[in-house]
Every structure is written in C-alpha cells, then in structure tokens.
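We name chains A, B, ... by the order of the sequence lines, and we start the count at 1 in each one. Nothing here was measured: the structure is a model prediction, and the numbers come from that model.
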Amino acid sequence: METAIKPTRGEDYAEWYQQVVRAADLAENSVVRGCMVIKPWGYALWERFQAELDAMFKATGHKNAYFPLFIPKSFLEKEAEHVEGFAKECAVVTHHRLVAAEGGGLMPDPRAKLEEPLIVRPTSETIIGASFAQWVQSYRDLPLLINQWANVVRWELRTRLFLRTAEFLWQEGHTAHATKEEAEEETRKMLEVYATFAQDYMAMPVYKGPKTASERFPGAVDTYSIEAMMQDRKALQAGTSHFLGQNFAKASGIRFQSKNETEEYAWTTSWGVSTRLVGALVMSHADDDGLVVPPRLAPQHLVILPVLRGEETREAVMGYVNKLAAELREVRYHGRSIDVEIDQRDIRGGEKNWDWIKRGIPLRVEVGPRDVESDAVMVSRRDRSPKDKRSMPRAELVATICRELDEMQAGLFQRALAFRAANTRVIDDEAELYDFFTPKSVKNVGGDERPEIHGGFALVHFGGDPEVENELRDKLKVTVRNIPEGVPEAEGAGKCLFTGKPSPQRVILAKSY
RNA sequence: CGGGGCGUAGCGCAGACUGGUAGCGCACCUGGUUCGGGACCAGGGGGUCGGAGGUUCAAAUCCUCUCGCCCCGACCA
C-alpha cells in the first residue's frame with residue numbers, strides 16, 4: 001500500500017523521523033548550524049504543551065518569572081560538577097560591539113572586550129540562584145517556587161530536529177526549601193506532574209524513577225526521570241527532576257535564618273521538559289502516513305474539508321459548514337472549546353486531505369452538496385486508515401465528538417502501552433541480554449547496510465557499579481535509563497546479573513536518544 | 001580533532017573523466033479538461049553552477065587556495 005511517508009519506519013527509522021517532521025510541517029533546519037526553525041504547526045503544538053504544563057505548575061503552587069539569557073562565567077564556575085558537566089558545550093559572549101574589519105565585513109571591536117565573558121545559559125541554576133540568595137532571608141521566605149519558560153543553548157556536535165538541537169525551548173522549575181524532606185517531596189511531586197502529563201496528554205506511557213549516579217544531572221544529589229519507549233524501541237528521556245541538596249545553595253549563597261535562629265543553607269530542586277517532547281510525540285504515535293496528534297494536545301481537533309464544486313452549490317455548502325463549525329465550537333472538550341479549522345484553500349481536495357493526514361489532526365470532516373442535502377457529514381479519524389470514512393448525521397457528530405476524541409486518546413495510549421509491553425523483557429541471563437541488544441540483520445530494501453530494529457527495554461538486576469555501566473555502554477551502547485517505580489515486574493530483590501551483588505530491584509537497560 | 005563524501009533553480013539530482021557560458025524530476029505560475037479526492041494535457045517563470053585566483057580564444061567542467069555542509073568516530077539532555 002502507498003504510504004505518505006517514505007521511507008517507512010521499518011525501512012529506515014531515522015530518515016522516517018525526519019520526513020514526518022517535514023511532512024507535518026513542524027520544523028526545518030535553519031541556516032544556523034544545529035538550530036531549528038519551528039514552523040506554525042510545530043509551534044502551535046509546543047504552545048499546547050506549554051498551556052497544559054503551565055496550568056499544572058500553577059496548580060501546584062508555582063509562579064512564572066524570567067531571568068537573564070546571559071550568565072557571568074564566574075557564576076557557572078561556582079559549582080564544581082556543574083562546570084564540568086556543561087563547560088564543553090557553552091556559547092560564550094566576549095565582546096559587546098562590532099567594528100568594520102579591514103577588507104570589508106565586521107569584527108568584534110577589540111576595545112569592546114568584556115571584562116568577564118558571559119555564557120549563554122545552558123541551564124539557569126546559577127543565575128537564578130543568585131536571585132534566590134537575595135530573595136531569601138528568613139524561613140518565612142520559603143518555599144520559593146519559581147518556573148521559567150525560556151530558550152537555552154547547548155553546543156551539541158550532532159543535532160536532530162526537536163530531539164537534540166543547539167538551541168531549544170523549555171521550562172525550568174527552580175525551587176528552594178527550608179528542609180531536605182520538603183525539597184525531596186517537591187522533586188517527587190514534579191516528576192509525578194511530568195508522568196501525568198506524558199500519560200494523560202501525550203498518551204505516552206513512561207517509566208519514572210531515579211537515575212544511577214553516572215546519569216545524574218551535574219551537581220545534583222538525585223536525578224529522577226521519565227523514560228518512554230519510542231517506536232524503534234529506544235528510550236527517550238522525556239523529563240527530569242533533580243534534588244540538588246544544598247550544593248547550589250552553597251554555591252550561590254542561598255541562606256536563611258531558621259525558626260530557632262540558626263543560619264542555614266536552603267535545599268533546592270530543579271526540573272525541566274523541553275521541545276524534545278515534540279520529538280517524543282512524533283516517535284510515539286506517528287505512522288507511515290505522518291504525524292498522529294493525541295486529541296488533548298491537538299492545536300485543532302477537527303478540520304472541515306468543504307467539497308466545493310460549481311458556484312451553484314458553493315453558497316449552500318459554506319453556509320452549512322459555518323453553521324456546523326459554530327455548533328462544534330460550542331462543545332467543551334477537557335476545558336477547551338472544540339477547535340475547528342475550515343480549509344478553504346484553493347487546492348485539490350485529495351491534496352488537502354493528505355495534508356491534514358500528515359499533520360495528524362484527529363478528525364477530518366468532509367462536507368459536500370450531497371451531505372447538505374441529507375444533513376450528514378463524512379468523518380475520518382486519524383487513528384484509522386486514510387480511506388476509512390463514515391457518514392453520520394450532523395447532530396450525531398456534534399453529540400459524540402467528545403466521546404470520539406476520548407476514544408482516540410485512549411486508543412493511542414493503549415497502543416503505545418501494548419508496544420512497550422511487547423518489547424520489554426525481564427532478563428536474568430547475560431547471554432540473553434547480549435542477544436537482546438545485538439541486531440541480527442544488516443540487510444535493507446535499498447541495499448544499504450543497516451541494523452534491524454530490535455531489542456527494547458530490559459529489566460535486569462544491577463548492583464550499581466559504574467564500571468559495569470561503562471562496559472555496557474561501550475559494548476552494547478546500552479545505559480541504565482532509570483530505576484523504575486511502581487512496575488511490578490521490576491520489584492523484588494535479587495542478585496546483580498553482572499557481579500552477583502545484592503540488588504534491591506530491577507533497573508531498565510536500553511539504548512537511548 | 002581523525003576518516004570519508006558533497007556544494008549546479010525552492011527541494012532532489014544529471015552534466016565534469018573527453019572545456020564550447022546549463023538540463024531533468026518534483027514544486028511554482030497561466031490556460032483547458034477533470035475532480036467526494038494525493039489528476040491529466042499544453043504553455044511558462046526561476047540558476048552570474050559555494051567563493052577567490054589561475055590556465056585558455058573559451059571554464060560548472062582543468063589547476064591552486066578558501067568557505068560551508070553532511071556521514072562515521074570521539075563527545076553529549
């Protein structure tokens with residue numbers, strides 16, 4: 001069967017991903033190396049992520065604020081591990097003025113050299129810490145619960161649209177607390193928020209839990225993550241929440257006077273998700289015809305495709321379409337009005353239809369003269385075959401649209417869950433583990449040599465030795481994604497598969513993005 | 001930074017070995033026929049061939065230098 005996206009997932013997964021992003025008109029590479037241009041449909045999606053997450057942050061007591069793009073070099077140097085972690089991928093501003101260069105063009109003015117270089121933020125712990133230090137005097141000033149929506153820059157060598165770009169959009173929560181327990185609770189709470197968002201809005205099942213020491217955020221005491229399985233069975237870290245202990249409070253001087261008159265350092269946390277979630281959405285639900293957007297995140301729920309032939313019926317059809325759109329917009333779906341697009345572009349109907357399939361809009365509704373006649377419409381759902389059209393009375397569509405969308409949302413989640421279950425294996429034998437992660441075939445339709453899609457998530461007992469992690473990474477390109485919580489198959493103590501040491505529970509091993 | 005490759009129309013490419021100032025597919029524009037479905041026919045617009053220098057009567061093509069990008073590796077949310 002002809003597919004809208006070539007190559008298909010099975011033929012060349014990496015290329016398929018690029019083609020879906022392009023076909024859905026989400027983003028494109030910019031002239032600036034490693035940076036992307038997010039196009040209107042892609043940005044509309046990001047705005048939906050923002051709207052829902054922002055509401056969840058506010059509901060848990062956080063306030064938005066904004067801090068500078070630039071971080072003085074000395075700030076970044078304050079936390080030893082932090083410097084180590086980010087130094088290699090920082091953009092640095094050294095001058096504040098340009099002058100004409102000999103032979104044309106511009107050059108930094110040597111007389112305008114900054115006394116202290118400024119770093120374009122790769123993350124904002126240190127600059128926000130500086131403000132927190134000033135804002136906090138007393139235990140009465142705590143907790144401080146702040147979130148920032150911003151762009152950050154990490155000078156990555158290899159980039160892929162949405163998954164890893166040199167500049168990306170994200171939110172970063174930063175909080176300060178009087179006690180360790182409260183900060184730890186905050187860290188857990190926000191991890192929970194991310195997990196809920198991933199599952200309820202993105203229809204993407206995730207495993208949540210702490211990272212091992214070697215995968216921790218630079219400077220953190222504990223890092224927790226949510227990990228999702230993509231359709232090539234690799235793991236994608238979709239969000240992180242860090243318990244920073246007093247490390248950054250000490251580095252930034254966030255001190256307060258306690259109730260019993262002692263001076264103490266605050267306990268801080270940070271947590272973030274980024275435009276990478278858009279990539280996660282693509283790789284969770286898109287198929288060989290393009291993107292599939294879960295209804296609860298869809299910028300628009302439904303597109304009406306008027307069949308306009310001949311002037312004599314045009315007015316009747318458009319009148320009917322506008323009336324239908326108005327009726328649908330009266331319907332509430334999870335706190336929003338149904339968002340309806342009427343596509344009147346002067347292009348062929350088939351092309352228009354496929355355009356919306358590739359963009360992944362949940363419902364497509366055709367309205368032509370025959371439908372007006374019978375007061376019925378032709379409805380297609382993105383989670384079904386492109387050719388699958390059902391005629392239904394107009395009133396029925398209006399009455400059942402929420403149920404239809406919820407059904408689709410739930411179906412996407414169930415499909416992703418089943419996929420993950422089918423590709424997750426409990427493993428207690430080293431040979432089996434190596435076999436699980438070693439691709440068997442290198443043949444490809446086009447004659448290219450390419451490893452088959454294989455493996456998945458392995459649940460194994462692991463004793464916590466960093467050397468074992470290094471070996472797994474070197475030999476199998478596999479890492480411990482996290483130590484999953486609330487996963488029955490992973491619960492129960494055992495012995496490390498590699499060293500025989502005691503292991504309190506199983507960890508997730510997987511290849512990852 | 002090591003190994004390989006590539007810069008020719010918006011995108012994808014041919015032309016280069018054997019110099020004679022550009023061509024194909026898609027996209028775009030116009031007209032017509034179609035059209036409850038990713039159409040067809042005809043016509044048309046668009047490129048100083050990454051940049052600079054050289055050889056030559058003549059350079060996309062040969063030579064030198066240079067800039068940029070991609071892939072593999074290293075590195076990495």
Side-chain angles (χ1 to χ4, degrees), chain A residues 1-6 14-15 18-19 22-23 28-34 82 84-90 103-105 122-123 152-160 162-172 211 214-220 223-227 235-242 270-277 279-280 289-290 304-310 313 317 343 346-358 364-374 376-380 386-387 389-391 448-450 473-474 477 479 481-482 512-513:
Chain A
M1 202 174 77
E2 186 81 349
T3 57
I5 304 296
K6 281 173 253 183
E15 182 61 20
Q18 308 280 9
Q19 293 303 326
R22 190 158 78 146
E28 59 194 23
N29 281 305
S30 84
V31 293
V32 183
R33 195 201 70 88
H82 198 59
E84 175 90 9
F86 288 106
K88 283 171 285 185
E89 48 186 37
C90 285
T123 178
V152 289
V153 169
R154 298 181 188 176
W155 211 265
E156 300 287 351
L157 294 175
R158 312 247 297 113
T159 60
R160 290 181 74 186
F162 290 113
L163 299 175
R164 175 170 282 114
T165 47
E167 180 192 15
F168 56 91
L169 306 183
W170 77 345
Q171 62 67 218
E172 46 182 328
K211 290 276 198 184
S214 54
E215 297 279 328
R216 257 178 224 144
F217 176 75
T223 286
Y224 297 82
S225 73
I226 53 170
E227 303 279 336
L236 184 87
Q237 176 176 299
T240 49
S241 185
H242 315 293
S270 68
W271 28 274
V273 296
S274 70
T275 36
R276 177 180 251 199
L277 288 181
D289 288 321
I304 300 177
L305 305 167
V307 180
L308 299 168
R309 304 181 48 201
T313 56
V317 169
D343 189 347
D346 182 23
I347 56 175
R348 296 179 51 76
E351 200 179 333
K352 212 184 265 192
N353 190 37
W354 279 102
D355 188 55
W356 287 104
I357 291 171
K358 288 184 282 193
R364 308 185 303 282
V365 175
E366 259 173 48
V367 178
R370 291 208 297 266
D371 306 304
V372 174
E373 201 73 26
S374 60
V377 295
M378 297 297 282
V379 180
S380 305
K387 305 288 177 202
K389 285 200 283 194
R390 283 175 300 157
S391 176
D448 295 341
E449 297 240 325
R450 189 171 287 112
R473 193 178 55 224
D474 294 345
K477 294 182 175 172
T479 50
R481 299 319 303 155
N482 67 19
S512 75
Y513 278 94

Partner of B:rU48 under the Watson-Crick or G-U wobble criteria, both distances under 3.5 Å, comes out as none
Suppose you measure atom C1' in B:rC6 against the same atom in B:rU18; what distance do you get, rounded to whole Å? 24 Å
A:Gln237 and A:Thr240 have their tightest heavy-atom pair at NE2-CG2, 3.0 Å
Sequence-aligned protein contact record of nucleotides 68-77 of chain B, with B where the base is within under 4.0 Å of a protein heavy atom and S where only the sugar-phosphate is: -S-SSSBBBB
Taking atom C1' in both B:rA22 and B:rA9, what distance in whole Å separates the two? 11 Å
What interatomic distance, in whole Å, is found between C1' of B:rG45 and the corresponding atom of B:rG31? 15 Å
Span that lies between the C1' atom of B:rG47 and that of B:rC11, in whole angstrom: 14 Å
What's the gap between B:rG68 and B:rC75 when it is taken at their P atoms, as a whole Å value? 25 Å
Heavy-atom pair with the smallest gap, counting every atom of A:Val317 and A:Val367: CG1-O, 3.6 Å
Measure across A:Pro306 and A:Asp343 and return the closest heavy-atom pair with its distance rounded to 0.1 Å. CD-O, 3.2 Å
Interatomic distance at C1', B:rU61 relative to B:rA74, whole Å: 37 Å
Length of the CD-P vector between A:Glu28 and B:rC11, whole Å: 10 Å
Does B:rG38 have a Watson-Crick or wobble partner in any strand here, with both distances under 3.5 angstrom, and which is it? none
Counting Watson-Crick and G-U wobble pairs only, both distances under 3.5 Å, name the nucleotide matched with B:rU18, or none. none
Report the distance from atom CD of A:Gln18 to atom C1' of B:rC11, rounded to the nearest whole Å. 15 Å
What interatomic distance, in whole Å, is found between C1' of B:rC70 and the corresponding atom of B:rC65? 22 Å
Using purine N1 to pyrimidine N3 plus N6-O4 or O6-N4 for Watson-Crick, or N1-O2 and O6-N3 for G-U wobble, both under 3.5 Å, which nucleotide pairs with B:rG2? B:rC72
Measuring only the C1' atom in each nucleotide, how far is B:rC26 from B:rC40? A whole number of Å is fine. 16 Å
Those residues at least two apart in sequence (or on a different chain) that pass side chain to side chain contact (heavy atoms under 4.5 Å, CB included) with A:Arg154 are A:Phe86, A:Glu89, A:Pro122, A:Thr123, A:Glu156, A:Phe168, A:Trp170
Paired with B:rA27 by Watson-Crick or G-U wobble geometry, both distances under 3.5 Å: which nucleotide is it? none
Mind checking if A:Lys358 touches a base, just sugar-phosphate, or nothing, with heavy atoms under 4.0 Å? base
Would you mind building the protein contact string for nucleotides 31-36 of chain B? One character per nucleotide, 5' to 3', B for base within reach (heavy atoms under 4.0 Å), S for sugar-phosphate only, - for untouched. ---BBB
Taking CZ from A:Arg364 and C1' from B:rG38, how many angstroms apart are they, rounded to a whole number? 12 Å
Scan side-chain atoms only and decide if A:Arg481 and A:Thr479 contain a donor-acceptor pair under the 3.5 Å cut-off. yes
Closer to the 5' end of RNA chain B via nearest nucleotide, is it A:Arg22 or A:Trp354? A:Arg22
Please give the nucleotide sitting opposite B:rA60 as a Watson-Crick or G-U wobble pair, both distances under 3.5 Å, or none. none
